[in-house]
Amino acid sequence: MPELPEVETVRRLLEPCLRGRLIEKVTVLRQVIAHPGAEEFIRRVTGRRFDIMKRRGKFLGFLLDDGQKMVLHLRMTGCLLIEPAGVPAEKHTHVVFSLDDGRELRFSDMRRFGRFWLFAPGEADSSGAEKLGPEPSDPALTGDYLRAKCGKSSRAVKECLLDQSVVAGIGNIYSDEILFAARLMPSCPASRLTRRSWQQLARLIGERISYFTEKNKISLEDYLRSKGGDYRNTPYLQVYGHAGQPCPVCGTQLRRTVIGGRSSVYCPHCQKLPRTKKTQ
DNA sequence: CCAACCCCCTGAACGC
DNA sequence: TGCGTTCAGGGGGTTG
């Protein structure tokens, strides 16, 4: 499941391949265009050239040479590949952009949750990317910001990390990793965190996401060879996917639970409620 | 404003 | 062996 580090990896790898390329033809095989309609999407993208790629949270933005902006969210299983036009496409390929170098940019998505949007210059972005909270690397993401935003909430702290309007780009994997690093129980009600906990959490969000973004580096060749499915951070994950195994710090068996409908793994010994009494 | 729930979609894992 | 059921999960939408 691509979260911020994986989406950033895709951006870094694809931008040099796409920048300046002419889009000769667009084929939409399945309904994955959220806005505008597929016909208009095809008409407005065909004949344009790719410019730079941006990323905001888990959203990818493709700027086009006429000022339009194409937005893509990969959701769970979405994947972008660049392959020669002659190579057979993946089974769940839904959109194909034929480029002027004989290659194709292909969007495949087994579960078909991923979505494209296209916005004209000056048009309001309705993809949801505008409602995102700060990036993990944004200096505005401080302990006081988090405390002001979530400090009175009865939600579990993990739900706050997964809320894209609180902080952008964190999904189920990295929220567990961040909370493990912060020694906080994922189920801890946000209202019980101390000011100090919020500060530590803000710092660790930036630190962990930056760490995993660096660790996720992969060559374009390896990326394409693995069909975009090589999640290189797997060896570096300390708790996610390790339920039942010993905690890497204390050896206690890691536990799995469900929080906000999401599978969550934590160490019952290392991860606790904040030490001091409830706030208020 | 917020919480709770549904929905989308497919393949893997599981149960009989 | 094979078929039916359950589950996972990002985020938008709806309902209460």
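All values derive from a computational prediction rather than experimental measurement. Here is the naming used below: chain letters follow the sequence lines, and residue numbers restart at 1 for every chain.
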Side-chain donor-acceptor contact under 3.5 Å, A:Ser165 with A:Asp163
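A:Ser165 vs A:Asp163: donor-acceptor pair found between side chains.
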
Looking for any heavy atom pair under 4.0 Å, which part of the strands does [X] touch: base, sugar-phosphate only, or nothing?
X        : answer
A:Lys91  : sugar-phosphate
A:Ser263 : sugar-phosphate
A:Tyr240 : sugar-phosphate
A:Ser127 : sugar-phosphate

For atom [atom1] of [X] and atom [atom2] of [N], their distance in whole Å:
X        : N      : atom1 : atom2 : value
A:Glu159 : B:dA4  : CD    : P     : 8 Å
A:His92  : B:dA12 : NE2   : C1'   : 13 Å
A:Leu74  : C:dG12 : CG    : P     : 14 Å
A:Asp163 : C:dG10 : CG    : P     : 13 Å
A:Asp176 : C:dG10 : CG    : C1'   : 15 Å
A:Ile170 : C:dG11 : CD1   : C1'   : 15 Å
A:Glu3   : C:dG9  : CD    : P     : 10 Å
A:Ile173 : C:dA8  : CD1   : P     : 15 Å

Are A:Val26 and A:Val32 connected in a single hydrophobic cluster, I mean Ile/Leu/Val/Met/Phe/Trp/Tyr linked by side-chain heavy atoms less than 4.5 Å apart?
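Both belong to a single hydrophobic cluster.
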
Does A:Arg55 pair with A:Glu135 as a salt bridge, N-O distance under 4.0 Å?
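Salt bridge present between A:Arg55 and A:Glu135.
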
Any side-chain to backbone donor/acceptor pair from [X] onto [Y]? Under 3.5 Å, distance only.
X        : Y        : answer
A:Glu40  : A:Gly37  : no
A:Thr93  : A:Ala89  : no
A:Ser108 : A:Arg106 : no
A:Gln164 : A:Leu162 : yes
A:Glu177 : A:Tyr240 : yes

Salt bridge (Lys or Arg N to Asp or Glu O under 4.0 Å) test vs A:Glu83 passes for just one of A:Arg103, A:Lys227, A:Arg225, namely A:Lys227

Got a second to check how far A:Tyr223's OH is from A:Ile82's CD1, nearest 0.5 Å?
8.5 Å

Check this one for me: any side-chain N or O of A:Lys58 less than 4.0 Å away from OP1 or OP2 of C:dG11?
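It does, given that an N or O in the side chain of A:Lys58 lies less than 4.0 Å from OP1 or OP2 of C:dG11.
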
Ignoring backbone atoms, establish whether A:His73 has a side-chain N or O less than 4.0 Å from OP1 or OP2 of C:dG11.
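Looking at the OP1 and OP2 atoms of C:dG11, one of them is under 4.0 Å from a side-chain N or O of A:His73.
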
Under-3.5 Å donor-acceptor pair between A:Arg262 side chain and C:dG10 base:
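Counting by modelled atom types and ignoring angles, a donor-acceptor contact under 3.5 Å is found here.
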
Inter-axis angle, terminal five-pair segments of the helix from B:dC2-C:dG16 to B:dC16-C:dG2 [nearest 10°]
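One end axis against the other gives 60°.
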
N/O-N/O pairs, protein side and nucleotides 5-9 of chain B side, under 3.5 Å:
{"residue": "B:dC9", "atom": "O4'", "partner": "A:Arg111", "partner atom": "O", "Å": "3.2"}

